[in-house]
Asks: 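I have a structure I would like to understand better, so I am pasting it below and will then ask my questions one at a time.
Because the structure is a prediction, the values reported are computed rather than measured.
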Amino acid sequence: MSILDHYTDFMVNQYENFPQSRYLTLIISRKAESEMIFRTEGSGEGLARDSVHAGINNREVISRVTISKRKQTAVERRTGRELLRQHNLLFYAADSRGNRAETEDNICALNRNKPCGICADCMVYGYAVGGGGAQKSRVITDDAFSVLSYQTVTAKRTFNALYDNSTMRDPVSGDASASIQEDEYVKPETLFIDMQTLKDLTAHEIRYVIANVLRSRRYGAISSRLGKMRNTLVGAIFSDCELFSNLELTQRVYDRLGSNGQQFPLDDKQVVTEITGAVEDLSHEVIGNLQPIADTELTELISEIQQTFASPTEVKGLLESITALYPQG
């Protein structure tokens, strides 16, 4: 018997076209484990940041580094899609007549206007086709904010591009290289607080999304060399409505940390404790029916997911069960 079997009133049994007001909010701590770069696009821009109040009670205005919602879910979608591709559960895109040409360039893919509309990724995280057809994402996200200020958690590093002779001079022409640049980066051990709200998902879909979050390890720019991150599921709350925001939760945690919130790096365990307390405080302000998953049950749920994903056979069965939920056009 799964832990999720205790919360059937807050989940759907099958995919529904109409909203059912069944929510599960995941409370996530994201910890940088290497230098990280979060920027809008390209190279050379500064880090993405926003000026906000430090806390709900502390009204000092500070800048915080932000991880945009797209840069979070894009990574986690790709994590899930790798498994779907491994088990042949990404399908061919349909044309306006519903025909699915079985060609290599017509397979379901991100950012190519080629969604199949019937795989787990399309139906959980959403898709849209210019010629028609769409599924709104049932994973609701928002920007994640650093607990500490931008000035505290960032630094700059200068880098260059050496020639084959390990110098800045072209070994053929003798000309000096102009490839000296500077990047802002987020320091290792920076903590971000994030929430993902899963709307109208089945138990199998919930396991799929949680696994994608916990299995994703690299975020931001230059992820082949930077961007290592650890995601920790701190809490999970079933409800019949959306809860508070990422920013509100981050500000409340900052208030609760007090003078300890001025030190870098922060103590992971203390931050988790304060997140739990802040969630409890903010939950009292929500107008709705809330049912938190107990800490022991959350640990057991994560253990269930670990066991499932340790077995290729069980993973394939899980993904096939999810795919079977959707109309196969």
Asks: Do other residues, nucleotides or ligands put more than 12 heavy atoms under 6.0 Å from the CG atom of Asp295?
Replies: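 Result for CG/Asp295: open.
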
Asks: Hey, is the main chain of Ala54 close enough, under 3.5 Å, to the side chain of Arg64 for a donor-acceptor pair?
Replies: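 Side chain of Arg64 to backbone of Ala54, a donor-acceptor pair under 3.5 Å: yes, one is there.
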
Asks: Start with the C-alpha distance between Thr154 and Lys187, add both sets of side-chain angles, then the distance that settles side chain to side chain contact (heavy atoms under 4.5 Å, CB included), and finish with yes or no.
Replies: CA-CA 5 Å; Thr154 64; Lys187 297 176 184 178; 5.8 Å; no

Asks: Could you list the residues that satisfy side-chain hydrogen bond (donor to acceptor under 3.5 Å, both in side chains) with Thr296, not counting sequence neighbours?
Replies: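 Result, side-chain hydrogen bond (donor to acceptor under 3.5 Å, both in side chains) vs Thr296: none returned.
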
Asks: Is the side chain of Asp143 donor-acceptor paired with the backbone N or O of Thr66 at a distance under 3.5 Å, no angle test?
Replies: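 Between the backbone of Thr66 and the side chain of Asp143 there is no qualifying donor-acceptor contact (under 3.5 Å).
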
Asks: Once side-chain hydrogen bond (donor to acceptor under 3.5 Å, both in side chains) is applied, do any residues pair with Thr8, and if so which ones, sequence neighbours excluded?
Replies: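 side-chain hydrogen bond (donor to acceptor under 3.5 Å, both in side chains) check on Thr8 returns nothing, list empty.
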
Asks: Between Arg256 and Glu274, does any NZ, NE, NH1 or NH2 come within less than 4.0 Å of an OD or OE carboxylate oxygen?
Replies: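 A salt bridge is present here (some side-chain N lies under 4.0 Å from a carboxylate O).
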
Asks: Please test Glu242 against Lys199 for salt bridge (charged side-chain N to carboxylate O under 4.0 Å, His left out), starting from the C-alpha separation and ending with a verdict.
Replies: CA-CA 9 Å; Glu242 278 198 68; Lys199 184 177 182 181; over 6 Å; no

Asks: Other members of the hydrophobic cluster containing Ile107, with the 4.5 Å side-chain heavy-atom rule, please.
Replies: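 For the cluster that includes Ile107, the remaining residues are Tyr92.
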
Asks: Output yes when a side-chain donor or acceptor of Arg22 lies under 3.5 Å from a complementary backbone atom of Asp240, and no otherwise.
Replies: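 No.
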
Asks: Salt-bridge test for Lys114 and Asp105: reply yes if a basic N is under 4.0 Å from a carboxylate O, no otherwise.
Replies: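 Between Asp105 and Lys114 there is no salt bridge, as every charged N stays at least 4.0 Å from the carboxylate O atoms.
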
Asks: Just wondering, do Gln14 and Glu16 contact through their side chains at under 4.5 Å, heavy atoms?
Replies: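 Yes, close enough: below the 4.5 Å cut-off.
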
Asks: Quick one: does Ile293's side chain get under 4.5 Å of Ile237's, heavy atoms only?
Replies: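 They are not in contact (no side-chain heavy atoms under 4.5 Å apart), so the answer is no.
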
Asks: Determine which pairs satisfy ring-ring contact (aromatic ring centres under 6.0 Å, His included) with at least one residue from residues 227-268, sequence neighbours left out, and list them in order.
Replies: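 Listed once each, the pairs are Tyr7-Phe238, Phe10-Phe238.
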
Asks: Answer yes or no: is there a side-chain heavy-atom contact under 4.5 Å between Ile37 and Glu184?
Replies: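 Not in contact.
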
Asks: Tell me, please, which residues at least two apart from Thr25 pass side-chain contact (heavy atoms from CB on, under 4.5 Å).
Replies: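 Here the qualifying residues are Ile27, Met195, Thr197, Leu243.
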
Asks: Can a side-chain donor-acceptor contact be found between Glu76 and Gln196 if the only test is distance below 3.5 angstrom?
Replies: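 There is such a pair (donor and acceptor under 3.5 Å, judged by atom type) between the side chains of Gln196 and Glu76.
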
Asks: Is there a path of hydrophobic side-chain contacts, each under 4.5 Å between heavy atoms, that joins Val234 and Leu290?
Replies: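 Result: yes, single cluster for both.
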
Asks: Between Ile275 and Ser29, what is the shortest heavy-atom contact and its length?
Replies: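 For Ile275 versus Ser29, the nearest heavy atoms are CD1-CB, 4.4 Å.
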
Asks: Any side-chain heavy-atom pair from Glu280 and Pro292 closer than 4.5 angstrom?
Replies: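 Not in contact.
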
Asks: Do Ser137 side-chain atoms and Gly126 backbone N/O form a donor-acceptor pair below 3.5 Å?
Replies: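 No, the answer is negative, given that no donor and acceptor are paired below the 3.5 Å cut-off.
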
Asks: Which donor-acceptor pairs under 3.5 Å do the side chains of residues 266-273 make with protein atoms, sequence neighbours left out?
Replies:
{"from": "Asp267", "atom 1": "OD1", "to": "Lys269", "atom 2": "N", "distance (Å)": "2.9"}
{"from": "Asp267", "atom 1": "OD1", "to": "Gln270", "atom 2": "N", "distance (Å)": "3.2"}
{"from": "Asp268", "atom 1": "OD2", "to": "Lys31", "atom 2": "NZ", "distance (Å)": "2.9"}
{"from": "Thr273", "atom 1": "OG1", "to": "Lys269", "atom 2": "O", "distance (Å)": "3.0"}

Asks: Does any N or O in the side chain of Glu35 come within less than 3.5 Å of the main-chain N or O of Tyr185, such that one atom is a donor and the other an acceptor?
Replies: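 No: the side chain of Glu35 does not pair with the backbone of Tyr185.
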
Asks: Could you list who else is in Phe145's hydrophobic cluster, with ILVMFWY side chains joined at under 4.5 Å, directly or through other members?
Replies: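 Grouped by the 4.5 Å side-chain rule, Val52, Leu247 form the rest of the cluster around Phe145.
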
Asks: Do Tyr125 and Arg138 have a side chain donor and acceptor closer than 3.5 Å?
Replies: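 The answer is no; no qualifying pair exists.
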
Asks: Check residues 79-91 and write down every donor-acceptor pair under 3.5 Å in which the side-chain atom is one partner and the other belongs to a residue at least two apart or another chain.
Replies:
{"from": "Thr79", "atom 1": "OG1", "to": "Val75", "atom 2": "O", "distance (Å)": "3.1"}
{"from": "Thr79", "atom 1": "OG1", "to": "Ser216", "atom 2": "OG", "distance (Å)": "2.8"}
{"from": "Arg81", "atom 1": "NH1", "to": "Asp121", "atom 2": "OD2", "distance (Å)": "2.9"}
{"from": "Arg81", "atom 1": "NH2", "to": "Cys108", "atom 2": "O", "distance (Å)": "2.8"}

Asks: State, with a plain yes or no, whether a side-chain heavy atom of Thr250 is found less than 4.5 Å away from one of Phe192.
Replies: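 Heavy-atom side-chain distance check fails, nothing below 4.5 Å.
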
Asks: Could you tell me which non-hydrogen atom of Ser149 sits nearest to which non-hydrogen atom of Thr152, and how far apart they are?
Replies: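 Minimum heavy-atom separation between Ser149 and Thr152: OG-OG1, 2.8 Å.
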
Asks: Test side chain to side chain contact (heavy atoms under 4.5 Å, CB included) on Arg218 and Met229 and set out the steps.
Replies: CA-CA 6 Å; Arg218 287 191 182 270; Met229 177 175 278; over 6 Å; no

Asks: With a 3.5 Å distance limit and no angle check, can you tell me whether Arg100 reaches the backbone of Asn106 through a side-chain donor-acceptor pair?
Replies: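 Absent.
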
Asks: Any side-chain donor paired with an acceptor under 3.5 Å for His53 and Gln251?
Replies: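 Result is no, nothing qualifies.
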
Asks: Test of understanding: with salt bridge (charged side-chain N to carboxylate O under 4.0 Å, His left out), list the residues that count as partners of Arg215, not counting sequence neighbours.
Replies: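 If we apply the salt bridge (charged side-chain N to carboxylate O under 4.0 Å, His left out) test to Arg215, skipping adjacent residues, there are no hits.
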
Asks: Please enumerate all residues that pass side-chain hydrogen bond (donor to acceptor under 3.5 Å, both in side chains) together with Glu304, with sequence neighbours excluded.
Replies: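 Expected list: Ser2.
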
Asks: Could you name each residue pair satisfying ring-ring contact (aromatic ring centres under 6.0 Å, His included) that touches residues 11-32, not counting sequence neighbours?
Replies: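 Every ring-ring contact (aromatic ring centres under 6.0 Å, His included) pair that includes a residue of residues 11-32, provided the two are not neighbours, is Tyr15-Tyr326.
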
Asks: With Arg49, which residues qualify under side-chain hydrogen bond (donor to acceptor under 3.5 Å, both in side chains), at least two apart?
Replies: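 Counting only residues at least two positions away or on another chain, Arg49 forms no side-chain hydrogen bond (donor to acceptor under 3.5 Å, both in side chains).
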
Asks: Side chains of Asp194 and Asn246: any donor to acceptor distance under 3.5 Å?
Replies: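 Judged by distance alone, the side chains do pair up.
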
Asks: Minimum heavy-atom separation for Arg30 to Ile67, with atom names?
Replies: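 Looks like CD-CD1, 4.5 Å.
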
